[in-house]
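Please read the structure below before turning to the comments.
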Amino acid sequence: MKKLFSLLITVLVLFTMSATTSYSAITLNKKMNANIKTKRVPEGTTIKLKVLNPVSSANGNVGDRLDLMVVDNIKVDGSVVIPKGSVVRGTLEEVSASKMLYKGGMVRLDFDHIVSSTGKQVPFTAGICNNPNVTYDGALSTKTNYMTALTKTIEKSKDIIVTPVTWAWDKGSELWNGSPKYVFAPLTAIVSAPAGGIYFIGDAVYDCFKKGENISISQGETIQVQLLKPLDMPVY
């Protein structure tokens, strides 16, 4: 009988301790939640991010994880809402490697969420800005194609002709009161023009089979993004 009574007392004590602990945890959690509020980071805010894992159109795949880190504190009304070092996560939404006809590579980054100081994942909708490689629809690309290569070929062909002719004109101007320049320049043009034409034809054909440049973002490189939607960040 005494053993049974002792067992009942022990069970009662353990139950009381468990209930007290649960009640304390609930109360503490309520107090913590009561202290948490949100502050809105407005749409259009520019945020600088450091890339933690490299991105490249040469070897990237759709769905690859993207991790970035906030470089500077973001303040609202004088208070830090997004601390320096906060992590932004996302994925590669679209990837296209460089191709023939000098077509450049392209990557599209999809920002998913930012981790707040309270540990909460907050949806993060932003687009890349202030970047010379950003396209009209927000992707990153080298923006090269066959016309880009052809323009370079034309410029190089022109240099092959113009540079020697300019040199001949200048040298001819230094001799016998400059009269020889009227002979040297045309003769040089006759020689250099075919060379420029041959280069143009050859390089224009080569450009058809030449691949463009791939776009890449190195680990540690920074990019700037602009919020496309307001960001309500939980803060204490």
Side-chain angles (χ1 to χ4, degrees), residues 28-98 103-145 148 212-236:
L28 179 61
N29 189 47
K30 286 183 177 180
K31 287 182 179 180
M32 289 179 65
N33 288 335
N35 291 330
I36 296 176
K37 55 185 179 180
T38 62
K39 279 198 173 182
R40 171 162 289 192
V41 183
E43 176 183 345
T45 300
T46 300
I47 302 174
K48 185 183 290 186
L49 301 174
K50 179 185 289 186
V51 178
L52 301 181
N53 52 311
V55 176
S56 175
S57 61
N59 52 22
N61 296 291
V62 173
D64 283 354
R65 178 170 169 171
L66 181 67
D67 293 317
L68 309 101
M69 184 176 67
V70 177
V71 175
D72 303 309
N73 290 330
I74 303 299
K75 296 182 178 181
V76 175
D77 298 330
S79 300
V80 175
V81 179
I82 304 178
K84 172 183 177 181
S86 298
V87 175
V88 175
R89 292 195 173 97
T91 57
L92 286 185
E93 183 180 20
E94 188 177 354
V95 183
S96 178
S98 63
K103 187 174 182 180
M106 180 273 291
V107 294
R108 190 184 305 279
L109 311 183
D110 179 31
F111 303 104
D112 184 70
H113 66 268
I114 183 172
V115 181
S116 73
S117 58
T118 64
K120 184 178 179 181
Q121 296 181 357
V122 181
F124 188 88
T125 306
I128 298 173
C129 63
N130 302 328
N131 190 307
N133 293 317
V134 67
T135 64
Y136 73 94
D137 58 350
L140 288 175
S141 172
T142 54
K143 300 180 183 177
T144 57
N145 51 36
T148 306
E213 300 174 358
N214 279 297
I215 186 76
S216 61
I217 311 174
S218 304
Q219 183 177 8
E221 188 176 340
T222 59
I223 60 173
Q224 285 188 320
V225 300
Q226 190 174 64
L227 292 181
L228 302 179
K229 291 183 179 180
L231 194 62
D232 293 318
M233 295 295 292
V235 293
Y236 286 109

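These figures come from a predicted structure and were not determined experimentally.
Counting heavy atoms of neighbouring residues, nucleotides and ligands inside a 6.0 Å radius, atom CG of Asp77 does not exceed 12 of them.
Here the side chains of Leu92 and Leu109 are in contact, with some heavy-atom distance below 4.5 Å. Within the 4.5 Å cutoff, no side-chain heavy atoms of Asp72 are placed close to those of Ile47. Side chains of Leu231 and Thr45 form no contact here, defined as non-hydrogen atoms less than 4.5 Å apart. By the 4.5 Å heavy-atom criterion applied to side chains, Ile74 and Val80 are not counted as neighbours. Between Lys103 and Ser98, every side-chain heavy-atom pair lies at or beyond the 4.5 Å cut-off. Between Val95 and Asn61, every side-chain heavy-atom pair lies at or beyond the 4.5 Å cut-off. Counting heavy atoms from C-beta outward, Ile82 and Asn73 have side chains that stay 4.5 Å or more apart.
To the nearest 0.5 angstrom, Phe124 atom CZ is 13.0 Å from Ser116 atom OG. The CG atom of Leu66 sits 11.5 Å away from atom CD of Glu93, with the distance rounded to the nearest 0.5 Å. Between Asn214 atom CG and Thr142 atom OG1 the span is 7.5 Å, to the nearest 0.5 Å.
Of the possible polar contacts, none joining the Thr125 side chain to the Leu228 backbone as a donor-acceptor pair under 3.5 Å is found. With Ser56 contributing its side chain and Gly60 its backbone, the two residues share no donor-acceptor pair below 3.5 Å. A donor-acceptor pair is defined here as one N or O able to donate and one able to accept, closer than 3.5 Å; no such pair exists between the side chain of Thr38 and the backbone of Met233. In terms of modelled atom types and a separation under 3.5 Å, the side chain of Thr222 and the main chain of Leu49 share no donor-acceptor contact.
The two residues Leu140 and Ile215 make their nearest non-hydrogen contact at O-CG2, 3.7 Å. Taking both residues in full, the closest heavy atoms of Ser79 and Lys39 are given as OG-NZ, 3.2 Å, listed atom of the first, atom of the second, then distance. The two atoms that bring Thr118 and Pro234 nearest to each other are OG1-CB, 3.7 Å, heavy atoms only.
At a threshold of 4.0 Å, the pair Arg89-Asp67 counts as salt-bridged, since one of the basic side-chain nitrogens sits closer than that to a carboxylate oxygen. Electrostatic pairing of Asp110 and Arg108 does not count as a salt bridge here, judged by no charged N lying under 4.0 Å from a carboxylate O.
Screening residues 223-236 for salt bridge (charged side-chain N to carboxylate O under 4.0 Å, His left out), with sequence neighbours left out, gives Arg40-Asp232.
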Between Thr91 and Asp112, does the side-chain contact (heavy atoms from CB on, under 4.5 Å) criterion hold? Intermediate values first, please.
CA-CA 7 Å; Thr91 57; Asp112 184 70; over 6 Å; no
Residue pair Glu221, Lys50: steps toward the side-chain contact (heavy atoms from CB on, under 4.5 Å) verdict:
CA-CA 6 Å; Glu221 188 176 340; Lys50 179 185 289 186; over 6 Å; no
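Tested against Gln224, the residues Thr46, Val71, Asn131 include a single side chain to side chain contact (heavy atoms under 4.5 Å, CB included) partner, Thr46.
With 3.5 Å as the limit, one finds no donor-acceptor pair spanning the side chains of Thr135 and Lys143.
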